[in-house]
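Inspection log for the structure reproduced underneath, given as structure tokens.
Just the heavy atoms: all of them, side chains too, but no hydrogens, waters or symmetry mates, feed the values below. Numbering of residues begins at 1 and proceeds along the displayed sequence. First listed ligand is number 1; within each ligand, the first listed atom is number 1. Values in this document were obtained by computation on a predicted structure and should not be read as measured data.
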Amino acid sequence: MKSSWSQAEKLALFVFAAALLLLCTFPQFAVIPLVLFSCCCFMAPFIPGWGFFLPVISRSQTGSPGIVLSFDDGPSPETTPMILKLLADFRYNATFFVIAEKAEQYPELLYAILEAGHTVGNHSWRHDSLLMLRSSRTLYNDIHKSQQLLSHFGIRPLLFRPPAGITNPRLKSVLQKENLQTVSFSCRAFDGGNKRIDKLAERMLKKIRPGDILLLHDLPPRNGKSVSALKNECKALFTGLQERQYDVVSLETLTGEAVMEFYHSSTQQ
Ligand SMILES: [Zn+2]
């Protein structure tokens, strides 16, 4: 990860200078920059693509107009094989941001993802939605343990996608220790982890722009919907991308950086 200052650090310096200046000139207004900075700090964790606390990749960085498919929260026995089959049918490449605990539980699914030529990123050990509120040590242990588990598959992910897209000021130093970068997304259907898959394809296709990273979920649908309903939505989405002549590319192509590397090999993917 680049060691440049985060937006938060740069803004903090500016706010401090502005507050000092105001204190000497119009002291009654000196609190304003501090309040604005506090508002930014409060809102930033919940805006996935902002990159306030640390650099966040959320869409094309190379000028490529391609579209990236990313699937979060798997692997899942109910959905991973179905998604892999569809991806193979359309000859699409995707990145799976996996839950390490599930990869440990279903190793054959992780191997299937890798054997099909897709890439894998770290999406935490257990998808603890409150992970970013925990201590730096807990945050580090979670991410490190996930990296260790994934190393058993011969890979070292270079990208971390925070659970629920939430970041915090401590994440930057934790990720630096593991040589990970943060990746988010730029287009989603607000499916709530496949709780709301009605018209998922239609909702996404309306919003997609060249260079987008799409967020999808490798999870069985909830709220009474079947896996075949999810399959239909994925198929409709892939068909829609094809009809609109979008180029579905790998995450590497869109970011210009490797998603993961293989251990014991000079080949990087
Ligand atoms: Zn997730």
Side-chain angles (χ1 to χ4, degrees), residues 44-51 53-54 56-59 68-80 82-84 87 94-106 109-110 113 118-134 138-147 149-150 153 155 157-168 170-171 174-175 178 180-197 200 203-204 207 212-223 225 227 230 233-234 237 251 254-255 259-260:
F46 306 102
I47 304 176
W50 187 355
F53 298 121
L54 72 174
V56 175
I57 300 166
S58 59
R59 55 178 297 110
V68 162
L69 300 170
S70 66
F71 289 89
D72 283 15
D73 302 355
S76 309
E78 299 92 336
T79 51
T80 307
M82 175 275 284
I83 291 167
L84 289 177
L87 289 170
T95 298
F96 290 75
F97 287 91
V98 299
I99 306 300
E101 188 181 48
K102 288 189 182 180
E104 185 181 45
Q105 199 178 354
Y106 307 111
L109 295 178
L110 202 86
I113 290 170
H118 304 296
T119 47
V120 167
N122 183 337
H123 194 37
S124 82
W125 181 262
R126 192 173 287 164
H127 209 281
D128 175 3
S129 298
L130 301 179
L131 185 60
M132 294 301 149
L133 296 177
R134 317 249 182 241
T138 304
L139 189 55
Y140 174 75
N141 286 344
D142 184 292
I143 293 169
H144 179 70
K145 191 177 171 189
S146 306
Q147 289 291 92
L149 186 278
L150 294 170
F153 296 88
I155 57 165
L158 300 170
L159 294 178
F160 175 73
R161 180 174 276 172
I166 298 172
T167 57
N168 77 16
R170 299 185 297 278
L171 185 58
V174 169
L175 293 184
E178 291 290 321
L180 285 161
Q181 294 198 70
T182 313
V183 68
S184 178
F185 47 83
S186 53
C187 182
R188 60 174 160 173
F190 291 95
D191 60 31
N194 287 343
K195 278 184 204 149
R196 297 179 292 274
I197 63 162
L200 184 143
R203 285 187 279 138
M204 283 200 112
K207 295 199 280 186
D212 268 344
I213 298 175
L214 273 49
L215 170 65
L216 296 155
H217 287 95
D218 181 6
L219 281 176
R222 286 174 274 180
N223 292 357
K225 296 288 178 181
V227 170
L230 178 65
E233 290 297 333
C234 288
L237 174 65
L251 187 49
L254 213 66
T255 62
V259 171
M260 61 179 208

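- Between S70 and R161, the side chains place a donor N or O and an acceptor N or O closer than 3.5 Å (distance only, hydrogens not considered).
- For R126, the salt bridge (charged side-chain N to carboxylate O under 4.0 Å, His left out) partners two or more places apart in sequence, or in a different chain, are E101.
- Neighbours of the Zn ion (ligand 1) restricted to protein N, O or S atoms under 2.8 Å: the count is 3.
- Taking the six-membered ring where the residue is Trp, F96 and F71 present parallel rings, their angle staying beneath 30° rather than reaching 60°.
- With sequence neighbours excluded, the residues forming a side-chain contact (heavy atoms from CB on, under 4.5 Å) with C234 are L86, L230, listed by chain and number.
- Judged purely by atom type and a 3.5 angstrom limit, S184 has no side-chain atom pairing as donor or acceptor with the backbone of V56.
- Listed by chain and residue number, R59 satisfy the salt bridge (charged side-chain N to carboxylate O under 4.0 Å, His left out) test with D212 (two or more places apart in sequence, or in another chain).
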